[in-house]
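Single-structure report; data block below.
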Amino acid sequence: MSSSCAICGDAPGHHWLWRDERLRIIDARDADHPAFLRVIWNAHAREMTDLAEADRQHLMEVVWQVERAVREIAQPDKINLGSLGNMVPHLHWHVIARWPDDAHFPGSVWSARQRESAARPRIPAALWRATLLARLGLPAVAVPPELIAAYEATAYAADLPGGPATLRIGTPEPLLDHWLAEHGQSRWAVISAANPWSSRCDKESNHIAHGALRALLVQRGLPVCEAMNWPDDGVAGWTEPALLCAGLSPEEAMRIGAAFGQNAVLCGEAGESAQIMWCVRQRDS
């Protein structure tokens with residue numbers, strides 16, 4: 001790894017879809033090619049034969065799973081797979097959905113434009129993440145002690161019908177218990193869709209993601225209240241919108257959080273202390 005390498009320094013952000021100890025998958029779409037994913041080997045290696053056999057097998061198995069995800073979600077006429085990497089010391093595979101009416105068909109996406117691309121809807125990052133999660137399991141992410149401490153020190157304000165409630169680890173909240181009882185539920189979770197993988201996004205992107213999370217929970221018929229996360233000291237992090245939802249198991253909340261790019265969610269049972277559920281497989285930095 002090199003601090004001067006642009007790919008080594010590609011910090012997780014809204015484009016970052018899945019990761020493990022050896023590779024990552026990013027959303028590389030552009031206006032002409034709305035279903036374009038890239039599988040990047042994390043370490044410096046230029047050629048497939050530079051990798052050990054087990055690493056080659058792992059890389060290609062992920063590429064095949066990404067291809068299946070693109071076919072399942074985008075329903076393209078053709079998939080293009082390519083590994084070039086002429087200018088960077090990182091193996092990476094492009095997985096690109098193609099249609100006869102896209103800007104470059106039948107040439108490659110790097111060839112001369114043939115036409116204006118037909119309009120196609122933007123595929124939400126949460127749908128990509130959820131599909132990859134189902135195929136590849138939880139992502140593996142470095143979780144430093146300071147990030148764990150920040151999550152443990154974060155409070156969650158919920159706008160309940162009975163009044164404002166504050167949710168935090170180790171502290172009961174009677175208003176929350178009353179709200180759960182009114183809805184005949186005993187479980188609850190606080191989930192955010194903002195700032196995936198703790199990487200700041202603009203207000204509009206967070207607003208769109210928050211709306212998608214609310215729509216998902218409401219569609220399931222679950223009681224939902226607006227909430228807000230903020231660090232106890234008001235300095236160490238940033239505030240972001242969240243949703244308090246009744247009726248989700250910790251496992252369900254964890255998987256929904258992972259689909260929206262969250263490191264962790266807060267979960268609890270009526271009358272019991274809240275706990276953090278990590279939406280990633282924690283690994284050393």
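- Taking both residues in full, the closest heavy atoms of Cys279 and Gln262 are given as CB-O, 3.1 Å, listed atom of the first, atom of the second, then distance.
- The closest side-chain heavy-atom distance from Trp188 to Leu167 is below 4.5 Å.
- Two residues are said to be in side-chain contact when any heavy atoms from C-beta on lie closer than 4.5 Å; Ile25 and Val66 meet this criterion.
- Between Leu213 and Ser192, every side-chain heavy-atom pair lies at or beyond the 4.5 Å cut-off.
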Item checked: Pair Arg214-Glu226, salt bridge (charged side-chain N to carboxylate O under 4.0 Å, His left out): steps then yes or no -> CA-CA 9 Å; Arg214 169 176 271 279; Glu226 292 293 328; 2.8 Å; yes
Check: Would Trp18 and Leu23 count as a side-chain contact (heavy atoms from CB on, under 4.5 Å) if you check the C-alpha gap in whole Å, the side-chain angles of each, and the deciding distance to 0.1 Å?
Finding: CA-CA 9 Å; Trp18 192 89; Leu23 55 79; 3.9 Å; yes
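- For Glu251, the side-chain contact (heavy atoms from CB on, under 4.5 Å) partners two or more places apart in sequence, or in a different chain, are Ser249.
- A distance-only check finds no donor-acceptor pair linking the side chain of His44 to the backbone of Pro89 [under 3.5 Å].
- The number of heavy-atom neighbours closer than 6.0 Å to NE2 of His58, taken from other residues, nucleotides and ligands shown, is above 12.
- In this structure, Glu182 places its CD atom where more than 12 heavy-atom neighbours from other residues, nucleotides or ligands lie under 6.0 Å away.
- Between Arg113 and Asp32 there is a salt bridge, since at least one side-chain N of the basic residue sits less than 4.0 Å from a carboxylate O of the acidic one.
- Residues Asn42 and Arg24 meet the side-chain proximity criterion, which asks for heavy atoms closer than 4.5 Å.
- Summarising the geometry, atom CG belonging to Leu132 is positioned 12.5 Å from atom CZ belonging to Arg68; distances are rounded to the nearest 0.5 Å.
- Checked for salt-bridge contact, Arg135 and Glu61 miss the test: no charged N lies under 4.0 Å from a carboxylate O.
- The two residues Ala253 and Val265 make their nearest non-hydrogen contact at O-CG1, 3.9 Å.
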Item checked: Criterion salt bridge (charged side-chain N to carboxylate O under 4.0 Å, His left out) on Glu252 and Arg187, from CA distance to verdict -> CA-CA 11 Å; Glu252 290 174 313; Arg187 293 171 167 176; 5.6 Å; no
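- Atoms CZ and CH2, on Phe260 and Trp197 in that order, are 12.0 Å from each other to the nearest 0.5 Å.
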Next item on the list: Show the numbers, then the answer: is there a side-chain contact (heavy atoms from CB on, under 4.5 Å) between Gln114 and Phe105?
Entry: CA-CA 7 Å; Gln114 303 292 317; Phe105 198 89; over 6 Å; no
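- Put simply, the side chain of Arg98 gets close to the backbone of Gly107: a donor and an acceptor are under 3.5 Å apart.
- Between the Thr154 side chain and the Ala150 main chain, a donor and an acceptor come within less than 3.5 Å of each other.
- Placement of Ile73 and Trp99 in two distinct hydrophobic clusters is found when ILVMFWY residues are connected by side-chain heavy-atom separations under 4.5 Å, directly or transitively.
- In this structure, Ile191 CD1 and Leu243 CG are separated by 8.0 Å, a value rounded to the nearest 0.5 Å.
- Nearest approach of Val224 to Cys245, heavy atoms of both residues: CG2-SG, 4.3 Å.
- Within a 6.0 Å sphere centred on NE2 of His207, heavy atoms belonging to other residues, nucleotides or ligands number 12 at most.
- Partners of Arg120 according to the salt bridge (Lys or Arg N to Asp or Glu O under 4.0 Å) rule, which considers only residues two or more places apart in sequence or in another chain, are Asp101.
- The backbone N or O of Asn195 lies less than 3.5 Å from a partner atom in the side chain of Asn206, making a donor-acceptor pair.
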Checklist line | Working for side-chain contact (heavy atoms from CB on, under 4.5 Å), residues Met48 and Met60 | finding: CA-CA 10 Å; Met48 290 293 292; Met60 295 316 299; 3.6 Å; yes
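- Counting all heavy atoms, side chain and backbone alike, His90 lies closest to Trp41 at ND1-O, 3.0 Å.
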Next item on the list: Could you walk me through whether Asn263 and Ser198 pass the side chain to side chain donor-acceptor pair (under 3.5 Å) test, one step at a time?
Entry: CA-CA 8 Å; Asn263 290 313; Ser198 299; 2.9 Å; yes
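- A distance of 8.0 Å separates CG in Leu248 from SG in Cys267, rounded to the nearest 0.5 Å.
- Between Ile79 and Ile96 the shortest side-chain heavy-atom distance does not fall below 4.5 Å.
- One hydrophobic cluster, built from ILVMFWY side chains closer than 4.5 Å, cannot hold both Ile256 and Trp128; they sit in different ones.
- Atom CD1 in Ile208 sits 8.0 Å away from atom CG in Asp202 (nearest 0.5 Å).
- Taking 4.5 Å as the limit, some side-chain heavy atom of Cys225 sits within range of a side-chain heavy atom of Leu160.
- One N or O on the side chain of Arg129 and one on the backbone of Ala259 form a donor-acceptor pair closer than 3.5 Å.
- Looking at heavy atoms from C-beta onward, Asp77 lies in side-chain contact with Pro100 at the 4.5 angstrom threshold.
- Counting heavy atoms from C-beta on, the side chains of Val109 and Asp102 never come closer than 4.5 Å.
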Next item on the list: Mind running side-chain contact (heavy atoms from CB on, under 4.5 Å) on Ile123 and Asp27 for me, showing each step along the way?
Entry: CA-CA 10 Å; Ile123 298 170; Asp27 187 348; over 6 Å; no
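- Heavy-atom neighbours of Asp50 CG from other residues, nucleotides or ligands within 6.0 Å: above the threshold of 12.
- The main-chain N or O of Tyr156 is never found under 3.5 Å from a side-chain atom of Asn229 such that the two would form a donor-acceptor pair.
- Although no hydrogens or angles enter the test, the distance criterion places no donor-acceptor pair under 3.5 Å between the side chain of Arg38 and the main chain of Ile26.
- A donor-acceptor distance shorter than 3.5 angstrom exists from the side chain of Glu173 to the backbone of Leu175, with no hydrogens or angles considered.
- Checked by atom type and distance alone, the side chain of Gln75 pairs as donor or acceptor with a backbone atom of Arg71 at under 3.5 Å.
- The ring pair (Phe, Tyr, Trp, His ring centres under 6.0 Å) search around His92 returns His94, not counting sequence neighbours.
- Distance check: Leu138 CG to Arg19 CZ gives 15.5 Å after rounding to the nearest 0.5 Å.
- In the hydrophobic clustering of ILVMFWY residues, with side-chain heavy atoms under 4.5 Å counting as a link, Leu180 and Val218 come out apart.
- Taken together through direct or relayed side-chain contacts under 4.5 Å among Ile, Leu, Val, Met, Phe, Trp and Tyr, Val62 and Leu59 form part of one hydrophobic cluster.
- There is a path of hydrophobic side-chain contacts, each under 4.5 Å, that joins Phe36 to Leu84.
- Ser273 contributes no side-chain N or O that, together with a main-chain N or O of Ile169, makes up a donor-acceptor pair within less than 3.5 Å.
- Around the CD atom of Gln219, the shell of radius 6.0 Å holds no more than 12 heavy atoms that belong to other residues, nucleotides or ligands.
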